[in-house]
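Notes follow the structure.
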Amino acid sequence: MSRFGLAGTVLRFFHALPFRVGLAALVPALLASALGVLYQSQRCEQLALAQLSQSQAADVALLASLVEARAEQTRSWLSVLAHALTPAQLNRPVTPAEVWPTQRSALRVFDFVDVTRGDGVPLWRHAQASLLPADLESAVAQLRAQSLADGQDHVLAPVGRWPTEKPLVLLSTAVRGPGGLLQGVLVAGLSLYSSQLMPPLVSQSTFQGDPLLIYNAEGRILHHPQAARLLGMVHDEALWGPALAQSLGEGGGVGSQGVSRQTEQHLISEADIPSLQWRMARISRLDTVLAPYREMRRQALGLAALAAVLGALLVLWSLRHLTRPLALLRRRARQVLDRSAPAASDWPQASGEVGELITTLRQIALAQDREHHRLRVMVGQLEAILEHASIGIVVTRHRTLELMGHQASAMLGYAPGELHGQPARVLYPSEAAYAELGQQVRQQFQERGYFDGELMFRRQDGSDFWVHMLGRGVVPDDPEGGTIWIFDDITAEREARRELSWSATHDSLTGLVNRRELEARLARQLQTELPAASWGEEGSRGCLLFVDLDHFKSINDGAGHAAGDVALQQVARLMEAQVRQSDTVGRLGGDEFALLLPACSVQRAERIAESLCRSIAALPLVFEGRAYPIGCSIGLVTLDHSSREVREVLHAADMACYQAKRSGRNQVAQHALTA
Ligand SMILES: Nc1nc2c(ncn2[C@@H]2O[C@H](COP(=O)(O)OP(=O)(O)OP(=O)(O)O)[C@@H](O)[C@H]2O)c(=O)[nH]1
């Protein structure tokens, strides 16, 4: 498959209905699943976080209460020692064994016990540990002074520099005598990391994998998973320092019940240890805490995507099956439109709307087949007509020759089909003729809906010929359908017509108008209305000369009939030469002629008649070496207001001519018509 072929197949796949419907199903399903999973997992995460916050706060509160309990127990050990000390023992030198003979276990709790009299005089100190912090004395003095001043218990921690010294927690309590009078003060110290103070759960470096911190109100770290950070400041902690420092800076306590706060990356749970004025904090990384939920979300998203893709594939598969009849129908319908396409299988079978569509399209295709067959028959008939018709057939559209019958091409001197698509103008002798025809066609189409007329065409070789042409719109009132023209060569017919018309009105021997034409012209002349004022004027309508040749018969008899014909022709030419263009010279028959002289005065008519007499008498008619002198007798009548009938006028002229003959021939006689 070529590159374009492959591209075409891919394009067709993307445009296919199953793909588009599948996409329409897949995208919302994917979106809905993704949004649902995201929402649910977000919600789960929030709920889990809330529960974690609570449980971690409870854990911290529990651990803090353990430390609190240990601190209380340590205090109670110190109280036991304080109660055992009598006022007398404060006023004389004694040893711890004397003072606390039965309180050894209480005494072992502390690294040292310092005894001070009520007046502030330090008495003695019992120390179990050999190495004590360098600044212990000042711390002891501070606590001592506080308890002497207020009689209350006090705590101070840490004392000592880590890691060179072991940090201590110092506690002070009042020694009271009878009546509750303040007799002295005990100050004791024990290691900050003594199991007496820190339960094992707390002293581990982490709690359930999370760092556990204890710090005092100043922010000094008393417990830290990293030994190097011990006694450092919480605000110096790289990751969670600012959050812890902020909590401290806000003042007040967080309470012993425990609270949790969420920062960008951590979940911090805190609880106070009130008796020591310490605070415990557990710090969890959010991503660690939420990791299981996020993993769950990732898996849920993956499952949702997989389900959506599988669903879409299922939809595609079912659509492909559902739309298979449509695909077959499309192939079949394509064949209906493009008959050159390879034959497809039969119409597909389907039910429902697709079935109805198939039925409808099949009916359309059948109707189209029938129509196509009918059109083919019609086209065949039309081609036969165009090929065999003995008349010229042309179809024009938009001034272009669209169809031409063989006869039309032959008449115009072109090969069949040579003029197809040519402008119609090529058929006409000139641009002017074409424009004039266009005007006539428009006018006739407007007046009667078709054209019927005679016009001249020009052949390819440049010769012209006349045609009788009929034209009408192929589709009435729709110029888009074009115009069909049918024409026939009438050149010969026109010539015959012309000749027939000429011989009907002319004398074939002399070429002069014949008697009938002369009578017609005379009648027209007689019908011409004259103004009343001109009635009195002679010859106002003109004059008529009646001419009869004298001795003509002698030529026929002497030289033959043909010579007589020549003589008649010479006389005719002579007569024509004597008159005006507007006058009519006619041969009435035999050797009789008439001259109709409209608007001619009698005097002028007389002059013409006499001139004719002279000219004809002078005609040199010589046949076979013998001269034949002839002459003419002319009768003249005027066409005045009394002249009404042709017959009367001719008769009067004949009479006048007869008169001239009787008077000796070759002269003019005039006859007046009686009113
Ligand atoms: N050659 C020839 N002769 C014709 C034609 N028509 C008539 N004629 C002859 O013309 C003659 C006319 O007769 P007429 O008028 O009596 O002869 P005419 O010699 O002129 O006699 P007048 O008029 O009395 O002088 C006849 O002999 C006809 O045969 C024609 O067409 N050709």
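Here the structure is a predicted model, which means the values were calculated and not measured. Ligands are counted one by one from 1 in listed order, and the atoms in each one are counted from 1 as well. FYI, side chains are in, hydrogens and waters are out, and symmetry mates aren't considered; it's all heavy atoms of this structure.
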Q. Which is it for Arg573 and Glu576 under the salt bridge (charged side-chain N to carboxylate O under 4.0 Å, His left out) test, yes or no, and what are the steps along the way?
A. CA-CA 5 Å; Arg573 300 290 80 77; Glu576 280 178 330; 3.1 Å; yes
**Q.** Salt-bridge present (Glu454, Arg497; N to O < 4.0 Å)
**A.** yes
Q | Residues lining ligand 1 [heavy-atom distance under 4.0 Å, listed by chain and residue number] | A | Asp548, Leu549, Asp550, His551, Phe552, Lys553, Asn556, His561, Gly564, Asp565, Leu568, Arg587, Gly590, Asp591, Lys661, Arg665
Q: Decide, yes or no, whether a salt bridge links Asp550 with Lys661 under the criterion of side-chain N to carboxylate O below 4.0 Å.
A: yes
Q) Can we call the ring centroids of Phe451 and Phe445 under 6.0 Å apart? A) no
(Q) Suppose we call two aromatic rings close when their centres sit under 6.0 Å apart. Are Phe487 and Phe457 close by that rule? (A) yes
Q. Less than 4.0 Å between a side-chain N and a carboxylate O, is that true for Arg587 and Glu592?
A. no
